[in-house]
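These numbers were taken from a predicted model, which means no experiment stands behind them. Worth knowing before you read on, the calculation uses all heavy atoms, side chains too, and leaves out hydrogens, waters and symmetry mates.
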Amino acid sequence: MAHITFKQLKYFDALARELHFGRAAESCAVTQPALSMQIHELEETLGLMLVERTRSGVQLTTKGREISERAARVLGDVRDLVTFAHHASSVLAGTLRLGVIPSVAPYMLPPLLPLLRDAYPELELHVRETQTSVITEELIEGKLDVVLLALPIKHPDLVEMELFKDHFILALPHEKKLSGRMRATPELVENERLLLLEEGHCLRDQALTYCNLQQVDRLSTFGASSLSTIVEMVSANLGITLLPELCLGVETRGRNLALTKFAEPEPFRKIGLVWRATSPRDEDFKELGRLVSQAWNDGPLPTAKNVIAASAMSPRAKRKKIEKA
């Protein structure tokens with residue numbers, strides 16, 4: 001009786017991702033005929049047609065899609081097994097593939113990376129920065145070991161570890177700053193032109209949910225994919241936005257902004273780590289979580305109170321205040 005081989009699953013997984021025999025063969029460092037033969041043998045062993053070969057390319061059959069999902073899980077389990085063997089006797093050693101969303105990476109990595117380097121010099125860290133849906137899928141597929149993002153993810157195959165709450169702050173052009181100790185409200189946001197990141201960014205969805213603005217005429221994104229672009233537009237009096245506290249020290253420096261907290265209950269997002277439930281590296285991820293929390297609590301990140309106070313000053317005084325925070 002013929003048996004399914006690890007090589008067959010590996011080659012089929014590559015083909016399912018690339019949907020092209022040539023590219024799949026290249027990613028596996030084999031010839032196209034060799035890959036094609038292994039796929040054919042896998043189909044014969046399973047008694048199923050997994051792939052439709054057409055002039056325009058390759059498509060998976062319905063059964064092929066199901067098999068590809070199962071194959072990805074098997075390959076992931078094998079990678080976890082190898083990882084366990086390599087890291088069974090040490091914490092945060094060897095290779096770690098970390099995914100981080102764009103609204104966290106530029107602000108959390110600067111204080112975090114030195115902590116990791118000093119505490120675990122043998123760690124070989126690879127960072128992948130992209131949107132939540134992409135790094136979550138890559139985590140499930142085993143391309144990443146752990147991801148740092150906004151919670152919740154709510155997937156049965158994943159484990160979540162909440163680290164800290166990141167409050168939202170209202171950012172307005174300086175000439176529109178609120179008087180006295182006035183706090184921002186969703187109603188105030190509703191009457192202004194709200195600038196947010198383009199679709200696909202979880203930060204956009206969180207802001208819309210808080211403001212109850214799933215559909216609003218005065219919502220604008222302009223295809224912006226970074227908070228820096230949004231902040232520049234607010235500074236130029238093109239609208240207002242919601243900024244996470246995490247980014248304030250970087251994105252507000254030297255810009256003509258007025259910042260204010262929201263009225264209770266203040267909106268916030270939960271930042272945490274997520275990894276596969278089958279991963280044997282729980283101790284690694286818990287230690288990484290401890291260092292992320294340390295970077296948030298004890299690192300050189302300015303507090304919202306200091307940055308908001310500085311936003312009422314002149315640009316020169318503002319820069320000095322933030323640097324001292």
Which distance, rounded to the nearest 0.5 Å, do you find between the CD1 of I140 and the CD1 of I135? 11.0 Å
Taking atom types as modelled, is there a side-chain donor on S103 or R269 under 3.5 Å from an acceptor on the other? yes
side-chain contact (heavy atoms from CB on, under 4.5 Å), paired with R276, selected from L139, V146, V159: L139
Interatomic distance, CD@E137 vs NE2@H155, rounded to 0.5 Å, equals 7.5 Å
A side-chain contact here means heavy atoms from C-beta on lying under 4.5 Å apart; do L163 and L151 qualify? no
How are the rings of W296 and F164 set to each other: parallel, tilted or perpendicular (split at 30° and 60°)? parallel
Decide whether M49 and M37 are clustered together by the hydrophobic rule: side chain heavy atoms of Ile, Leu, Val, Met, Phe, Trp, Tyr closer than 4.5 Å, transitively. no
Return the CD1 to OG1 distance between I169 and T241, rounded to the nearest 0.5 Å. 12.0 Å
Looking at R255 and E232, does any basic side-chain N land under 4.0 Å from a carboxylate oxygen? yes
Return the CG to CD distance between D166 and Q206, rounded to the nearest 0.5 Å. 9.0 Å
If you count the non-hydrogen atoms of other residues, nucleotides and ligands that lie under 6.0 Å from NZ in K143, is the total more than 12? yes
Would you say L288 and L98 make side-chain contact, with heavy atoms under 4.5 Å? yes
Could you state whether V58 and I67 fall into the same hydrophobic cluster, counting links through intermediate Ile, Leu, Val, Met, Phe, Trp or Tyr residues with side-chain heavy atoms under 4.5 angstrom apart? yes
Measure the OG1-CG distance between T130 and L149 for me, rounded to the nearest 0.5 Å. 11.5 Å
More than 12 heavy atoms from other groups under 6.0 Å of CD on E175: yes
Measuring from I101:CD1 to S133:OG, what's the distance to the nearest 0.5 Å? 11.0 Å
Test your reading of the model: is there a side-chain donor-acceptor pair from R281 to the backbone of L92, 3.5 Å cut-off? no
Are L243 and L238 linked, directly or through other ILVMFWY residues, by side chains that come within less than 4.5 angstrom of each other? yes
Crowding at CD, E26 (>12 non-hydrogen neighbours, <6.0 Å): no
Pair E66 + K63, salt bridge at N-O below 4.0 Å: no
Are more than 12 heavy atoms, taken from residues, nucleotides or ligands other than R53, located less than 6.0 Å from that residue's CZ atom? yes
When every non-hydrogen atom of D13 is compared with those of A72, the smallest separation belongs to OD1-CB, 3.9 Å
Minimum heavy-atom separation for D284 and V91, please, with both atom names. OD1-CA, 3.3 Å
For a 4.5 angstrom cut-off between non-hydrogen side-chain atoms, does I240 reach P173? yes
